[in-house]
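Before any comments, here is the structure.
Note that the numbering runs from 1 along the sequence shown for the chain. In what follows, every heavy atom counts, from backbone to side chain, and hydrogens, waters and symmetry copies are set aside.
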Amino acid sequence: MLLRPVSLADVVAYIRMRCDPQMMADLGGPQRPDDMPAKVARDVELTEADGAWVLMIVPGEDPSVVAGTVALWPHEGDSPKSEIGWMVLPEFQGQGLAKAAVGEVLQRARADGRWGVVHAFPSVTNVASNALCRALGFSRVAEEDLLFSEQIFRVNHWCVDTG
């Protein structure tokens, strides 16, 4: 497994992940395919400017074959914080790719030194993502409501210090 920065060629992968009802069940439902080129362009711009890390999970040798994404980004505002999130396509789930990818990003964050405490907010019903947080040394802060995509979700709030 390797991680590579998102590119404009990743629109199809974004559509497969973000426009699929099953993949988006815990994230407010599928997004519109027509919105994906702009979303990818924003993610490429942020990644190229080193304002966020949006990385494609490549399961093998071919960098055009992606299993999903892992991203680390800052939240500005009253209480600035860093957040990590990930998605793995169904045919690649259960192979340890998400754990390896998130683990690698956390190692990079520790080496980089700017991300501090990293937060994750998987849905309370997402057993695999909550288990991943536990396995990678995140501490569970609380169960809480979170506004995402103009909807309120019940999530587990996890954090890990990369400072």
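- One finds the CD1 atom of I84 at 14.0 Å from the CH2 atom of W158 (value rounded to the nearest 0.5 Å).
- Taking the side chain as every heavy atom from C-beta outward, E48 and V44 approach each other to under 4.5 Å.
- Within the 4.5 Å cutoff, no side-chain heavy atoms of M17 are placed close to those of V88.
- With respect to R110 and D161, no salt bridge is recorded, no charged nitrogen being found less than 4.0 Å from a carboxylate O.
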Stepwise side-chain contact (heavy atoms from CB on, under 4.5 Å) test for E104 and M1: CA-CA 10 Å; E104 184 172 324; M1 188 259 347; 3.6 Å; yes
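- Here R154 contributes atom CZ and T125 contributes atom OG1; the two are 12.0 Å apart, rounded to the nearest 0.5 Å.
- Distance SG/C19 to CE/M24: 8.0 Å, rounded to 0.5 Å.
- Contact check for E143 versus V155: no side-chain heavy atoms found under the 4.5 Å cut-off.
- The nearest pair of heavy atoms linking C159 to V141 is SG-CG2, 3.6 Å.
- In terms of modelled atom types and a separation under 3.5 Å, the side chain of N126 and the main chain of P122 share no donor-acceptor contact.
- The only option from R4, K39, M36 that meets the side-chain contact (heavy atoms from CB on, under 4.5 Å) definition with D10 turns out to be R4.
- Residues W115 and W53 bring their aromatic ring centres within 6.0 Å.
- Checking each of V12, V11, D35, I15 against V40 for a side-chain contact (heavy atoms from CB on, under 4.5 Å) leaves exactly one that passes, namely V11.
- Both L136 and V70 are assigned to one and the same hydrophobic cluster, defined by single-linkage of ILVMFWY side chains at heavy-atom distances under 4.5 Å.
- Note that the CG atom of L146 and the OG atom of S123 stand 10.5 Å from one another [nearest 0.5 Å].
- Note: Y14 OH to Q31 CD = 10.0 Å, rounded to the nearest 0.5 Å.
- Between V118 and L72 the shortest side-chain heavy-atom distance falls below 4.5 Å.
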Check against side-chain contact (heavy atoms from CB on, under 4.5 Å), H119 and H157: CA-CA 7 Å; H119 300 261; H157 179 179; 2.7 Å; yes
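- Residues G85 and W73 come closest through the heavy atom pair N-CZ3, 3.5 Å.
- Following chains of ILVMFWY side-chain contacts shorter than 4.5 Å, one can reach V65 starting from M56, so the two form part of one hydrophobic cluster.
- Scanning all heavy atoms of the two residues, the minimum distance from P37 to P33 falls at CD-O, 3.6 Å.
- Expressed to the nearest 0.5 Å, how far CG of L89 lies from CG of D20 amounts to 8.5 Å.
- A chain of hydrophobic side-chain contacts below 4.5 Å, direct or via other Ile, Leu, Val, Met, Phe, Trp or Tyr residues, connects L3 to L8.
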Stepwise side-chain contact (heavy atoms from CB on, under 4.5 Å) test for F121 and E144: CA-CA 9 Å; F121 299 94; E144 57 191 53; 3.8 Å; yes
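- Under the 4.5 Å side-chain heavy-atom criterion for Ile, Leu, Val, Met, Phe, Trp and Tyr, V66 and L46 are members of distinct hydrophobic clusters.
- At a threshold of 4.5 Å between non-hydrogen side-chain atoms, the residues V102 and L132 count as touching.
- Smallest separation of non-hydrogen atoms from G60 and L2: O-CD2, 4.1 Å.
- For the pair I57 and T69, the minimum side-chain heavy-atom distance is 4.5 Å or more.
- Between T162 and V117 there is no side-chain heavy-atom pair separated by less than 4.5 Å.
- Contact check for L106 versus V160: side-chain heavy atoms found under the 4.5 Å cut-off.
- Within the structure, side-chain hydrogen bond (donor to acceptor under 3.5 Å, both in side chains) contacts touching residues 83-95 (residues at least two apart or in different chains) are R16-E91, H75-E83, W86-S129.
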